[in-house]
Amino acid sequence: MTDEVTAPQFRHDRPGTPAADWSSTVGSLPTTALPQGRSRLVVVGAHPDDETLGAGGLVHTAASAGLRVEVVTATAGEGSHPSSPTHPPGRLAEVRRAELRRATSLLAPGAEVACLDLPDGDVAAHEEELVAVLVEMIGTDGADVVLCAPWRRDGHPDHEAVGRAAATAAHRTDAQLLEYPVWLWHWGRPDDLSGSDVVRLPLAPAAVAAKRAAVAAHASQVRPLSSAPGDEVLLGPDLLAHFGREVEVFVTGGPGTEDDTLDRVHRERPDPWDVGSFYERRKRALTLAALPREHYASALEVGCSVGELAVDLATRCDRLLAVDSSPAAVDLARGRTAGIEGLEVRRARVPDEWPEGRHDLVSVSEVGYFLSPHGLAELVRLCRDSLTDDGHLLLCHWRHQPVGWPLAGPAVHDAFLATGAPVLVEHHEPDFLLHVLGRPS
């Protein structure tokens, strides 16, 4: 999809782009197949029926191929008929949850179904909560997962919030991301559907039939709730025509945006980790005391945050390069370390922007669990290759599970220990782990 796409204001009950207008464009898209090498499909929607409309054929295809299928909706869709005289929001939520279960059972018998009951129309205010749920669902096995969610520019604020949350979760877990448009078909034009990352998935007749039955199972949306004003049909025949094709369309470009959560934390709180607390001061003192050598010629600190540990490490090094992915953190660290000879603070997003050079000390402190499992594996390799033959690797991490990320401190240290690096110092406390390792042979 092109970056310039902007969804205009639209209404479901007003004419949109006819399905026939899309036929040529959809037919010319490159075809794709069910992603290979993945054993789980997690489909997330903003409201019950999104998953069926946008990815029902994929759900059936994946289930038929033996993949484990999980369907989760952010809201119960209680706001679809705000003026209904017969279905207040609580009752409508119950109806739509039941429809979700019924539709999913038609697409993928035995699939797991969950409704998070976030407020319909206000998912954006709960985006971080949704990220945390998706990350927890995927866990550390993201390399086995296809995560399918609404397109991030679909024109509906709930759809876009869910899409952003899924993109963040995919980035953190290494899941393969697929995005499906729903409202684009109504407000958009064929020119809005372009780019090498847009593909079509041909559906077998059984998948088409299962999807048709699943769409009908969302009765509160495809039929009037009653004959009373306010209970009108939400998804009429013209809208449903977009989802009766024998193909489904997905955007496959991956997460596409960097996760700026840590930068936002540093922008909102100049001292997000309370570096002046006794806990942090004591931990830094133990960290410095654990170094087996009094002096190092060259050191690299990965994830310097506001620069407090860099100030201490600089007293033991001729040269120290401290890097962080957050521009806000780098600005804070530069202010904190200004005037310290031999200390440079640089923005670098590791492991992708790894600084060149070898060092006799590499420090990785409180940062490893902010990487995906693949990113951590790459970090382990780069740290190993960046150490001099007699160099030391310093590791210190919180032991508990950070909300919204798949890894915790013990898993980070285990990844480094698995290289067979000699353990020079090992320190365990209820709240953090500390290791100093030599270079693996």
Side-chain angles (χ1 to χ4, degrees), residues 6-22 44-56 71-107 113-126 150-151 153-163 180-189 192 211-245:
T6 300
Q9 296 293 320
F10 67 91
R11 287 182 52 167
H12 74 279
D13 56 352
R14 291 182 179 174
T17 304
D21 288 8
W22 290 98
V44 56
H47 319 94
D49 76 12
D50 293 337
E51 78 300 323
T52 300
L53 297 172
V71 174
V72 58
T73 179
T75 80
E78 69 277 8
S80 68
H81 290 75
S83 301
S84 172
T86 63
H87 285 67
R91 180 183 177 192
L92 188 55
E94 292 180 2
V95 168
R96 298 200 66 185
R97 289 191 206 100
E99 291 173 349
L100 173 68
R101 292 190 293 271
R102 171 63 177 159
T104 303
S105 71
L106 293 169
L107 294 169
V113 181
C115 178
L116 303 183
D117 287 330
L118 299 178
D120 190 359
D122 196 28
V123 177
H126 301 267
W151 181 40
R153 295 193 291 269
D154 199 41
H156 188 296
D158 281 351
H159 289 209
E160 296 185 355
V162 171
Y180 57 85
V182 174
W183 287 108
L184 164 72
W185 306 115
H186 181 65
W187 61 257
R189 299 294 303 169
D192 295 324
K211 180 174 180 176
R212 185 179 301 116
V215 169
H218 291 283
S220 68
Q221 308 301 295
V222 301
R223 294 195 292 273
L225 294 174
S226 77
S227 59
D231 278 354
E232 295 84 3
V233 65
L234 189 73
L235 304 177
D238 290 346
L239 276 170
L240 293 179
H242 294 290
F243 307 102
R245 305 184 186 97

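For reference, positions follow the sequence shown, starting with 1. Worth saying up front: this structure is predicted, and the values here are computed from it rather than measured.
- With a 4.5 Å cut-off on side-chain heavy atoms, D49 and L235 count as touching.
- Taking CG of D154 as the reference point, atom OH of Y180 lies at 9.0 Å (rounded to 0.5 Å).
- Counting only heavy atoms from C-beta outward, the side chains of S220 and L225 approach each other to under 4.5 Å.
- A heavy-atom distance below 4.5 Å is not found between the side chains of E232 and H81.
- Contact between H47 and T75 at its shortest, heavy atoms only, is CD2-OG1, 3.2 Å.
- Shown here are the side-chain contact (heavy atoms from CB on, under 4.5 Å) partners of A228, two or more places apart in sequence or in another chain: P85, S226, D231.
- A pairwise comparison of heavy atoms in H126 and P119 identifies NE2-CG, 3.4 Å as the closest pair.
- T73 places no side-chain N or O within donor-acceptor distance of the main-chain N or O of C115, the cut-off being under 3.5 Å.
- We find the CG-NE2 distance between L53 and H242 to be 11.0 Å, quoted to the nearest 0.5 Å.
- Here the shortest heavy-atom pairing between A214 and L107 reads CB-CG, 3.7 Å.
- L239 is not listed as a side-chain neighbour of W185, based on a closest heavy-atom distance of 4.5 Å or more.
- Between L92 and S80 there is a side-chain heavy-atom pair separated by less than 4.5 Å.
- Considering only heavy atoms from C-beta on, R97 comes within 4.5 Å of D117 through its side chain.
- Nearest heavy atom pair, residue W22 against residue T17, reads NE1-CG2, 3.5 Å.
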Query raised in the report: Can T52 and H218 be said to form a side-chain hydrogen bond (donor to acceptor under 3.5 Å, both in side chains), step by step?
Result: CA-CA 9 Å; T52 300; H218 291 283; 3.2 Å; yes
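- For the atom pair E51 CD and T104 OG1, the distance stands at 5.0 Å (nearest 0.5 Å).
- The two atoms that bring E99 and A217 nearest to each other are CG-O, 3.3 Å, heavy atoms only.
- Panel note: side chain R153, backbone L184; no donor-acceptor pair is recorded below 3.5 Å.
- Here the closest heavy-atom approach between residue Q221 and residue L234 is recorded as OE1-CD2, 2.7 Å.
- Side-chain contact between D50 and V44 is absent, with no heavy atoms from C-beta onward closer than 4.5 Å.
- With R96 contributing its side chain and G77 its backbone, the two residues share a donor-acceptor pair below 3.5 Å.
- In terms of modelled atom types and a separation under 3.5 Å, the side chain of E160 and the main chain of D158 share no donor-acceptor contact.
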